[in-house]
Protein chains: 2
Amino acid sequence: MPLSPSFPELAALDLYASVVEHGSLGAAARAHGIAQPSASSRIKNLERQLGVQLLERSPTGSKPTPVGIVVAGWADAILRAAGELEAGLTALKAEEQGRLRIAASYTIAEYLLPNWLGRFLTDHPEDTVSLDVENSTAVLRGLEAGEADLGFIESPIDVPEMDETVVATDRLVTVVSPTHGWTRTPKITLAELAATPLVMREEGSGTRDALVEAIRDAGHGEPTSVLELGSTSAVRSAVITGNAPTVISRLAVADDLAAGRLVEVEVAGLEIERDLRAVWLRSHPLPRPAADLLRSLGA
Amino acid sequence: MPLSPSFPELAALDLYASVVEHGSLGAAARAHGIAQPSASSRIKNLERQLGVQLLERSPTGSKPTPVGIVVAGWADAILRAAGELEAGLTALKAEEQGRLRIAASYTIAEYLLPNWLGRFLTDHPEDTVSLDVENSTAVLRGLEAGEADLGFIESPIDVPEMDETVVATDRLVTVVSPTHGWTRTPKITLAELAATPLVMREEGSGTRDALVEAIRDAGHGEPTSVLELGSTSAVRSAVITGNAPTVISRLAVADDLAAGRLVEVEVAGLEIERDLRAVWLRSHPLPRPAADLLRSLGA
DNA sequence: TGAAGGTCATAGCTCTGGACTATGAGTTCA
DNA sequence: TGAACTCATAGTCCAGAGCTATGACCTTCA
């Protein structure tokens, strides 16, 4: 569902955040490299679009109104998400040219790398990072071919000439919307899960394969799907607004769980964990930026 | 720090998300009520701004490229945050006119209510909600004066004529950036925390008071601050980019913890929990929309 | 095979809206 | 009292995004 057509633009929210931070329209204008009257009119326009007054203007500066404070918090969340896109994209765009060349699988690239890179680039402004998103085998191939310095993958490797270290853990979790009956049950059995139609990814997805295998190994046959969707975020949305459970990467729903949009359900006997690993060629000493990045991950 | 000046606008990201969802530019254009060539040029412009090709166009439709898939995920996170602002603001704007009138404290209004309301309004499109953001005493006063049907507060109440139910729990957590030494220590003592300069809110903030009290009660004197900031999000940012710990509401940093931008540190003997409660006047039967909302929270 | 119904891109026109400069009014402070 | 801030208004200008019309390409089906 598209946003309302009169929803303010990112540039306006960004400017507003700066006004709150600096305490004046003029200072925010300077920070954004625009003229003060432009800032003034942009904020006025923002208030018109949102339909509320955000600022108390005075000859000594501008302070957010009570409503403005709440809006500033929400705007901050949007801008943070935008900052991640920017950080991630910078690396994606750098392609082969970065000083630190990373190859990573989808899940890691989407949910973890933008943060890691953002932090890394703040600490090491002189470095540049390039990112390639591929599946695990392609990541390993890229390392062997010398096209990447550091790889991030989701499965254990079996390659003697590579070193590895675990940098994070992912787990498949069973989640439902907060109104679902399972939120009031202490623990679901694997048989119950297997008997319940789920929202699922299409066939061939790694997540789906792992779940099917776990249920089959436990002797409960095949899980059935009530809906099959082509992307993780489509599955998320369907579960939030619908009434069917799904089994999904915890990374993909971490913020939904934190915010209460989704609730995790414990399933007895279902424990699908995977370590997320950094890998690199043992024969080459780890380049300095790569070692710095690993260190900043606490690895 | 402002976003890059050529950062794409929300409208463009929103349109792109629709293209990925519908599989064609024309269909997305229809969903947004614009002409197909406008969508075409907007997406082309988006690709120019981001500097990457997002779509594989063909006479049968458009599919995201590998890069496009990753970008779609990031864009989705931005749009979700924008949706929350929209949901929250709709209620704020409704002021006194909503059928369900809510009064809530800042923390709940900022971090929880947009979700709750978004879900509630999806399930009950015929209802309207108005929201007032105030401190706890004002919330109770609003209920007594009949200006609100349902209140949300962070402290226990002591008013016999009110009913209440716990809808969520907040906890003050000690957090540091992932590079901080404490991430490698099993457990910090309260004395250590008290002896370490912290990033803090200004004096008078509820969070700060609770912490000071806990440390004083344990006989460790007064905590010191290395930096005092006026808003929760400013504290968050300072801890993420800096090297000092803070003690902060878990709700405010839930996504940072999930994404690894911040790490929680356990402090022996520091356990500051508060139940977040819905409250209402016992004398009035809870209006139907209010009861619906509480039910959708699982309360 | 050819017409119908999809896809997307290009061309050319229109006009809105945001940016700028210049100015003025209000407040604080030395 | 004047300098140095604050913000708002007025007037001008032009880039950019929207629209319609059209054409090329592909698939489907009678």
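In the text below, chain A, chain B and the rest are named by the order of the sequence lines, each starting its count at 1.
For B:Leu131 against B:Leu92, the heavy-atom pair with the smallest separation is O-CD2, 3.6 Å.
Overall bending of the helix from C:dT1-D:dA30 to C:dA30-D:dT1, expressed as the angle between end axes built from five pairs apiece, is 20° (10° steps).
Contacts of residues 4-20 of chain A with DNA chain D (heavy atom under 4.0 Å): none. Only B:Pro59, B:Thr60, listed by number, bring a heavy atom of residues 51-63 of chain B to less than 4.0 angstrom from any atom of DNA chain D. Residues from residues 32-46 of chain A placing a heavy atom under 4.0 Å of any atom in DNA chain D, listed by number, are A:Gln36, A:Pro37, A:Ser40, A:Lys44.
Two residues are said to be in side-chain contact when any heavy atoms from C-beta on lie closer than 4.5 Å; B:Leu113 and B:Ile102 meet this criterion. Side-chain contact between B:Leu198 and B:Val226 is absent, with no heavy atoms from C-beta onward closer than 4.5 Å. Taking the side chain as every heavy atom from C-beta outward, B:Asp256 and B:Arg236 approach each other to under 4.5 Å. Looking at heavy atoms from C-beta onward, A:Met200 lies out of side-chain contact with A:Val235 at the 4.5 angstrom threshold. By the 4.5 Å heavy-atom criterion applied to side chains, A:Thr107 and A:Glu154 are counted as neighbours.
A:Glu222 pairs by the salt bridge (charged side-chain N to carboxylate O under 4.0 Å, His left out) definition with A:Arg216, not counting sequence neighbours. By the side-chain hydrogen bond (donor to acceptor under 3.5 Å, both in side chains) test, A:Thr232 pairs with A:Arg201, sequence neighbours left out. With sequence neighbours excluded, the residues satisfying ring-ring contact (aromatic ring centres under 6.0 Å, His included) with A:Phe152 are A:Trp116.
At a threshold of 4.0 angstrom between heavy atoms, the contacts of A:Arg48 with the nucleic acid are absent.
Contact footprint of chain B on DNA chain C: nucleotides with an atom under 4.0 Å from a non-hydrogen protein atom, first to last in 5' to 3' order, C:dG6 to C:dT10.
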I'd like a table of donor-acceptor pairs (distance under 3.5 Å, sequence neighbours excluded) in which one partner is a side-chain atom from residues 61-89 of chain A, with atom names and distances.
{"unit_1": "A:Thr65", "atom_1": "OG1", "unit_2": "A:Gln53", "atom_2": "O", "d": "2.9"}
{"unit_1": "A:Thr65", "atom_1": "OG1", "unit_2": "A:Leu54", "atom_2": "O", "d": "3.2"}
{"unit_1": "A:Thr65", "atom_1": "OG1", "unit_2": "A:Gly68", "atom_2": "N", "d": "2.9"}
{"unit_1": "A:Trp74", "atom_1": "NE1", "unit_2": "B:Glu110", "atom_2": "O", "d": "2.9"}
{"unit_1": "A:Arg80", "atom_1": "NH1", "unit_2": "B:Asp255", "atom_2": "OD2", "d": "3.1"}
{"unit_1": "A:Glu84", "atom_1": "OE2", "unit_2": "B:Arg261", "atom_2": "NH1", "d": "2.4"}
{"unit_1": "A:Glu86", "atom_1": "OE2", "unit_2": "B:Ser4", "atom_2": "N", "d": "3.0"}

N/O donor to acceptor pairs below 3.5 angstrom from side-chain atoms of residues 23-36 of chain B, sequence neighbours left out:
{"unit_1": "B:Ser24", "atom_1": "OG", "unit_2": "B:Gly26", "atom_2": "N", "d": "3.4"}
{"unit_1": "B:Ser24", "atom_1": "OG", "unit_2": "B:Ala27", "atom_2": "N", "d": "3.0"}
{"unit_1": "B:His32", "atom_1": "NE2", "unit_2": "B:Ser18", "atom_2": "OG", "d": "2.8"}

Donor-acceptor pairs are to be reported for all side-chain atoms of residues 237-245 of chain B against protein atoms at under 3.5 Å, with residues two or more places apart or in another chain.
{"unit_1": "B:Ser237", "atom_1": "OG", "unit_2": "B:Ser233", "atom_2": "O", "d": "2.9"}
{"unit_1": "B:Thr241", "atom_1": "OG1", "unit_2": "B:Ser237", "atom_2": "O", "d": "3.0"}

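For the residue pair B:Ser58 and B:Thr60, a side-chain donor N or O sits within less than 3.5 Å of a side-chain acceptor on the partner.
The salt bridge (charged side-chain N to carboxylate O under 4.0 Å, His left out) analysis of residues 33-55 of chain B, with sequence neighbours excluded, yields the pairs B:Glu47-B:Arg57.
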Candidate pair A:Arg141 and A:Glu134, rule salt bridge (charged side-chain N to carboxylate O under 4.0 Å, His left out), full reasoning:
CA-CA 10 Å; A:Arg141 207 166 40 229; A:Glu134 298 164 311; over 6 Å; no

